[in-house]
Amino acid sequence: MTTVILVLLCLAIAGRELYLSSDKRLPRALAELRELRTQVADLSKRHETLRAEVDAAGEPPGIAIPHPSDDDVSGRVEQVAARMERLEKEVGEIGAGLAGLDLERDAQRALARSMDAVEQDINELHREMLDRLDREEGVVTGLVLSEEGEAEALLAEAYERCATEYGLRIRIRDQRSGKAANGAYRGTVYHLSGRRPGPLAEELFSYARGLYDPQDPSGMSALLTELAHLRGGGVARFGPFTAVRTTSALVCGLLPDTDERVAPSEPWELAGYIRELPDDLQCDLSWLRPEN
């Protein structure tokens, strides 16, 4: 599929190159197209190398192969993740370059379909990487967001510091935005590796319930404090562990596995949802708010 995509890109660029060659007034456009042709060829080589490394990271079925060390697995995964990030960047650069050219309508449509297919291929590689990480060391889905993106950078910094302190590695970041009854929310969805979701969430919840000093220097305290200082709503999640800020409260909850998938996403509704959990699965940290 990816080979077909790259061939389509090459054909689209070649067609535009022939069209432009009849107009002597467009040497700059020709130069840009030649550069794009070179980028596509390099992208093809990089993708084939990436695919070979992903295939090599797995074990052929039916053949007994000594299990690699954790360091070897982690090293291969880091290389694959880094190459996927570079691939995504290069695809974006090529798409931006092509969008700046006045391509014919058919060529534009073909390129749009091709870029969609490349994006789908990248998403499949992400899923494959996360599946392998989940089997090896565990994968946790996380989220941090705030109303209108308030204190977005501070929240992300505190969230990632907390993740590091609890032995997690950030594998994928995806920007998240959406409309809600009380306004728009912006933030980041995370895929983190290194811990199993259940034990991690229980450890985070136990720490939150035992927190009594707002000057606690831990990453968890820093994250909860940033949430508490928001003027509007906000959410921070590590798997089943969820902390929610509304204008009047800051609550934490340990959602059961089934509840994690069906819990509402808007802070105001999610806070009410947590308050309906059993007492041993919720705690109120509203005292962290600066007005208290």
Side-chain angles (χ1 to χ4, degrees), residues 140-170 173-178 180 182-192 194-195 197-255 260 263-277 279-292:
V140 175
T141 300
L143 167 71
V144 61
L145 58 80
S146 60
E147 187 174 351
E148 304 298 344
E150 179 189 354
E152 185 174 359
L154 293 174
L155 281 172
E157 181 181 359
Y159 184 95
E160 294 182 12
R161 176 188 163 197
C162 181
T164 299
E165 288 186 6
Y166 279 85
L168 296 168
R169 294 183 181 180
I170 298 169
R173 296 180 183 87
D174 287 326
Q175 295 302 306
R176 169 70 59 85
S177 63
N182 294 287
Y185 289 86
R186 295 202 307 270
T188 305
V189 174
Y190 291 88
H191 289 87
L192 311 111
R195 298 285 301 274
L200 170 69
E202 291 177 1
E203 187 175 346
L204 291 169
F205 182 68
S206 295
Y207 192 95
R209 293 195 75 177
L211 185 65
Y212 63 90
D213 182 4
Q215 303 302 319
D216 187 304
S218 70
M220 183 62 180
S221 176
L223 176 59
L224 292 172
T225 299
E226 289 296 343
L227 278 174
H229 281 72
L230 293 177
R231 296 187 300 273
V235 177
R237 298 181 69 168
F238 287 92
F241 174 78
T242 305
V244 184
R245 169 71 159 119
T246 67
T247 53
S248 60
L250 173 63
V251 295
C252 297
L254 189 60
L255 304 182
E260 183 187 351
S265 58
E266 189 171 349
W268 323 102
E269 296 179 356
L270 185 54
Y273 191 84
I274 289 175
R275 290 191 182 281
E276 295 178 359
L277 294 173
D279 291 342
D280 60 341
L281 296 179
Q282 63 167 291
C283 65
D284 193 322
L285 296 177
S286 300
W287 57 267
L288 278 172
R289 294 179 298 148
E291 57 266 31
N292 287 348

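Nothing here was measured: the structure is a model prediction, and the numbers come from that model.
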Search all heavy atoms of [X] against all heavy atoms of [Y] and return the closest pair with its distance.
{"X": "Leu155", "Y": "Ser146", "value": "CD1-CB, 3.7 Å"}
{"X": "Ala201", "Y": "Leu254", "value": "CB-CD1, 3.5 Å"}
{"X": "Gly232", "Y": "Thr247", "value": "CA-CG2, 4.5 Å"}
{"X": "Ala222", "Y": "Arg161", "value": "CB-NH1, 3.6 Å"}
{"X": "Pro267", "Y": "Thr246", "value": "O-CG2, 3.9 Å"}
{"X": "Leu285", "Y": "Ala208", "value": "CD2-O, 3.6 Å"}

Mind checking side chain to side chain donor-acceptor pair (under 3.5 Å) for [X] and listing every partner two or more places apart, or none if nothing turns up?
{"X": "Ser206", "answer": "none"}
{"X": "Tyr207", "answer": "Asp216, Ser218"}
{"X": "Glu202", "answer": "none"}
{"X": "Glu157", "answer": "none"}

What pairs meet the salt bridge (charged side-chain N to carboxylate O under 4.0 Å, His left out) rule with one or both residues in residues 220-229, with sequence neighbours excluded?
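Every pair satisfying salt bridge (charged side-chain N to carboxylate O under 4.0 Å, His left out) with a residue in residues 220-229: there are none.
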How many angstroms lie between [atom1] in [X] and [atom2] in [Y], if you round to the nearest 0.5 Å?
{"X": "Cys252", "Y": "Phe241", "atom1": "SG", "atom2": "CZ", "result": "4.0 Å"}
{"X": "Tyr166", "Y": "Glu203", "atom1": "OH", "atom2": "CD", "result": "5.5 Å"}
{"X": "Glu160", "Y": "Leu192", "atom1": "CD", "atom2": "CG", "result": "8.5 Å"}
{"X": "Phe238", "Y": "Leu204", "atom1": "CZ", "atom2": "CG", "result": "6.0 Å"}
{"X": "Leu227", "Y": "Arg245", "atom1": "CG", "atom2": "CZ", "result": "8.5 Å"}
{"X": "Thr242", "Y": "Leu255", "atom1": "OG1", "atom2": "CG", "result": "4.0 Å"}

Whether the Arg173 and Thr188 side chains hold a donor-acceptor pair (N or O, under 3.5 Å, no angle test) is what I'd like checked.
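On atom types as modelled, these side chains do not qualify, holding no pair under 3.5 Å.
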Near Arg176 CZ, under 6.0 Å, is it more than 12 heavy atoms from other residues, nucleotides or ligands?
no
Using atom types as modelled and distance alone, determine if a side-chain donor or acceptor of Arg289 lies under 3.5 Å from a backbone N or O of Ser248.
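Side chain of Arg289 to backbone of Ser248: a pair is present.
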Has the side chain of Thr225 got a donor or acceptor atom that lies under 3.5 Å from a matching backbone atom of Ser221?
yes
Applying side chain to side chain contact (heavy atoms under 4.5 Å, CB included) to Val251 and Leu270, what does each step give before you reach the verdict?
CA-CA 10 Å; Val251 295; Leu270 185 54; over 6 Å; no
Any non-hydrogen side-chain atom of [X] less than 4.5 Å from a side-chain atom of [Y]?
{"X": "Glu165", "Y": "Met220", "value": "no"}
{"X": "Leu145", "Y": "Gln175", "value": "no"}
{"X": "Val244", "Y": "Leu250", "value": "no"}

Is there a side chain to side chain contact (heavy atoms under 4.5 Å, CB included) between Arg237 and Val189? Walk through the geometry before answering.
CA-CA 9 Å; Arg237 298 181 69 168; Val189 174; over 6 Å; no
Decide yes or no on side chain to side chain contact (heavy atoms under 4.5 Å, CB included) for Arg275 and Asp284, but give the supporting numbers first.
CA-CA 9 Å; Arg275 290 191 182 281; Asp284 193 322; 3.5 Å; yes
Arg231 and its salt bridge (Lys or Arg N to Asp or Glu O under 4.0 Å) partner, picked from Glu147, Glu148, Glu150:
Glu150
Tyr190: partners by ring pair (Phe, Tyr, Trp, His ring centres under 6.0 Å), with sequence neighbours left out:
Tyr159
List the steps, then state whether side chain to side chain contact (heavy atoms under 4.5 Å, CB included) holds for Leu168 with Leu200.
CA-CA 10 Å; Leu168 296 168; Leu200 170 69; 3.7 Å; yes
